[in-house]
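In what follows, a single structure is set out as structure tokens and then discussed.
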Amino acid sequence: MRISIILSVCLLMAVQTSAQVINAGVGGNTTTDLLHRLDQDVLVHKPDLVILMVGTNDMLNSKKLIPYQEYRKNIEEIARRIKEGGADILIMSSPPVDSAYLFQRHDRHLYAETPNEKMNRAREIVASTAAKYGLYYLDLYEKFSELGLPRHNEDLFIKNIKNSGKADGVHPTALGYYFIATHIYQFLQDEGLTDTKVVCFGDSITFGGGPNKNKDSIRMNYPSYLAQLLN
């Protein structure tokens with residue numbers, strides 16, 4: 001109840017701006033994929049700000065796993081090229097995951113560390129990259145972890161059988177996306193970045209779910225909710 005009240009207050013406090021939000025998320029993408037499509041999907045828009053979140057596939061997709069060193073190299077290259085293109089960057093850590101569901105799709109023996117140990121290591125790389133290149137940084141991993149999320153078949157923020165009928169454990173629900181968007185919105189307000197052209201760059205956690213049946217409903221992802229809060 002308290003979380004719902006906070007989110008509602010954040011929405012009501014939104015100030016109308018001329019911000020534009022572009023969703024450049026693609027499902028299944030890794031840092032390598034983002035490097036390959038950076039020019040045509042991000043820099044071509046000449047954004048003022050790029051919100052970057054990527055790493056779940058690099059760390060947890062058993063067919064796409066890469067070493068931490070390669071992940072760091074790719075993240076730094078993405079940041080360098082965006083900065084050279086003239087945009088500011090807000091880089092975010094990815095949320096933690098429900099390992100029970102992840103291991104229904106991927107062989108647990110392929111992981112030397114637990115999934116969230118890997119996500120925490122990726123989070124440390126993202127934080128150090130932000131410090132090295134002077135980027136804005138938002139620790140979403142921490143925001144979710146502070147609420148004890150995800151909780152297997154108990155929470156409303158990460159998709160599970162009970163809240164969405166999906167044995168997922170990785171992607172946010174509508175409430176989870178709203179939770180992300182409100183934290184980003186508050187961060188942009190605090191930094192004076194609300195009247196700006198934004199590209200949200202990442203994987204399926206950025207791209208989000210398909211449109212709802214109601215034609216007036218927005219696509220379920222954090223960029224859509226962020227656009228509503230900004231405008």
Side-chain angles (χ1 to χ4, degrees), residues 11 14-58 71-95 125-126 129-130 132-140 171-172 174 177-212 215-231:
L11 180 58
V15 179
Q16 185 170 355
T17 71
S18 58
Q20 179 182 3
V21 180
I22 298 168
N23 188 337
V26 173
N29 266 199
T30 64
T31 49
T32 300
D33 296 314
L34 264 60
L35 278 169
H36 289 161
R37 63 185 184 88
L38 179 57
D39 290 330
Q40 66 267 29
D41 286 356
V42 178
L43 300 184
V44 69
H45 296 294
K46 300 188 183 303
D48 302 303
L49 176 71
V50 176
I51 300 178
L52 173 64
M53 178 173 61
V54 62
T56 301
N57 289 304
D58 300 77
Y71 177 72
R72 180 186 296 276
K73 178 183 176 182
N74 289 347
I75 284 285
E76 291 189 358
E77 178 67 8
I78 293 168
R80 182 186 64 80
R81 287 176 55 188
I82 292 173
K83 290 199 65 156
E84 286 179 352
D88 288 325
I89 303 170
L90 168 57
I91 190 169
M92 307 191 300
S93 56
S94 300
I125 291 170
V126 167
T129 299
K132 180 177 180 179
Y133 288 90
L135 314 179
Y136 296 108
Y137 173 58
L138 180 57
D139 192 350
L140 288 182
H171 300 90
Y177 276 121
Y178 193 29
F179 178 71
I180 292 172
T182 55
H183 279 292
I184 297 172
Y185 174 70
Q186 186 61 58
F187 186 94
L188 297 184
Q189 272 201 321
D190 293 343
E191 297 294 337
L193 297 170
T194 54
D195 193 6
T196 189
K197 185 176 185 179
V198 181
V199 173
C200 303
F201 195 33
D203 52 31
S204 60
I205 297 179
T206 296
F207 178 73
N212 296 327
K215 66 179 181 179
D216 297 322
S217 297
I218 61 173
R219 182 178 289 276
M220 191 179 71
N221 53 47
Y222 87 75
S224 291
Y225 288 125
L226 179 61
Q228 282 201 332
L229 289 165
L230 287 171
N231 293 293

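FYI, side chains are in, hydrogens and waters are out, and symmetry mates aren't considered; it's all heavy atoms of this structure.
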On a heavy-atom basis, which atom in [X] and which in [Y] lie closest, and how many Å separate them?
X	Y	value
Gly55	Asp203	N-OD2, 3.9 Å
Ala19	Asp195	N-OD1, 4.0 Å
Pro95	Met53	CD-SD, 4.1 Å
Ile91	Ala130	CG2-CB, 3.7 Å
Gly28	Asn57	C-ND2, 3.2 Å
Gln40	Val44	O-CG1, 3.1 Å

Any side-chain heavy atom of [X] within less than 4.5 Å of one from [Y]?
X	Y	result
Ile75	Val54	yes
Leu226	Ile51	yes
Arg81	Leu35	yes

Return the [atom1] to [atom2] distance between [X] and [Y], rounded to the nearest 0.5 Å.
X	Y	atom1	atom2	answer
Ile180	Asn221	CD1	CG	10.0 Å
Phe201	Leu49	CZ	CG	13.5 Å
Leu188	Thr196	CG	OG1	8.0 Å
Gln186	Glu191	CD	CD	10.5 Å
Leu229	Thr182	CG	OG1	7.0 Å
Leu52	Leu138	CG	CG	12.0 Å

Main-chain N/O of [Y] paired with [X] side-chain donor or acceptor, under 3.5 Å:
X	Y	answer
Thr129	Ile125	yes
Asp48	Lys197	yes
Asn74	Thr31	no
Asp33	Thr30	yes
Lys83	Ile89	no

Query - Intermediate values then yes/no, side chain to side chain contact (heavy atoms under 4.5 Å, CB included), Ile205 and His171 - result: CA-CA 6 Å; Ile205 297 179; His171 300 90; 4.0 Å; yes
Does a donor on one side chain sit under 3.5 Å from an acceptor on the other, for Ser93 and Asp139? yes
Inset, instruction - List the steps, then state whether side chain to side chain contact (heavy atoms under 4.5 Å, CB included) holds for Phe207 with Asn29. - result: CA-CA 10 Å; Phe207 178 73; Asn29 266 199; over 6 Å; no
From the list Tyr185, Phe187, Phe179, ring-ring contact (aromatic ring centres under 6.0 Å, His included) with His183 holds only for Phe179
After noting the C-alpha distance and the side-chain angles of Asn23 and Ser224, does the key distance pass the side chain to side chain contact (heavy atoms under 4.5 Å, CB included) rule? CA-CA 8 Å; Asn23 188 337; Ser224 291; 5.6 Å; no
> Taking it one step at a time, do Tyr222 and Thr206 satisfy side chain to side chain contact (heavy atoms under 4.5 Å, CB included)?
Replying inline: CA-CA 7 Å; Tyr222 87 75; Thr206 296; 3.7 Å; yes
Worksheet entry | Parallel, tilted or perpendicular, as decided by the 30° and 60° cut-offs, for the rings of Tyr178 and Tyr225 | tilted
- Query: Taking 4.0 angstrom as the limit, do Arg80 and Glu84 come out as a salt bridge?
  - Reply: yes
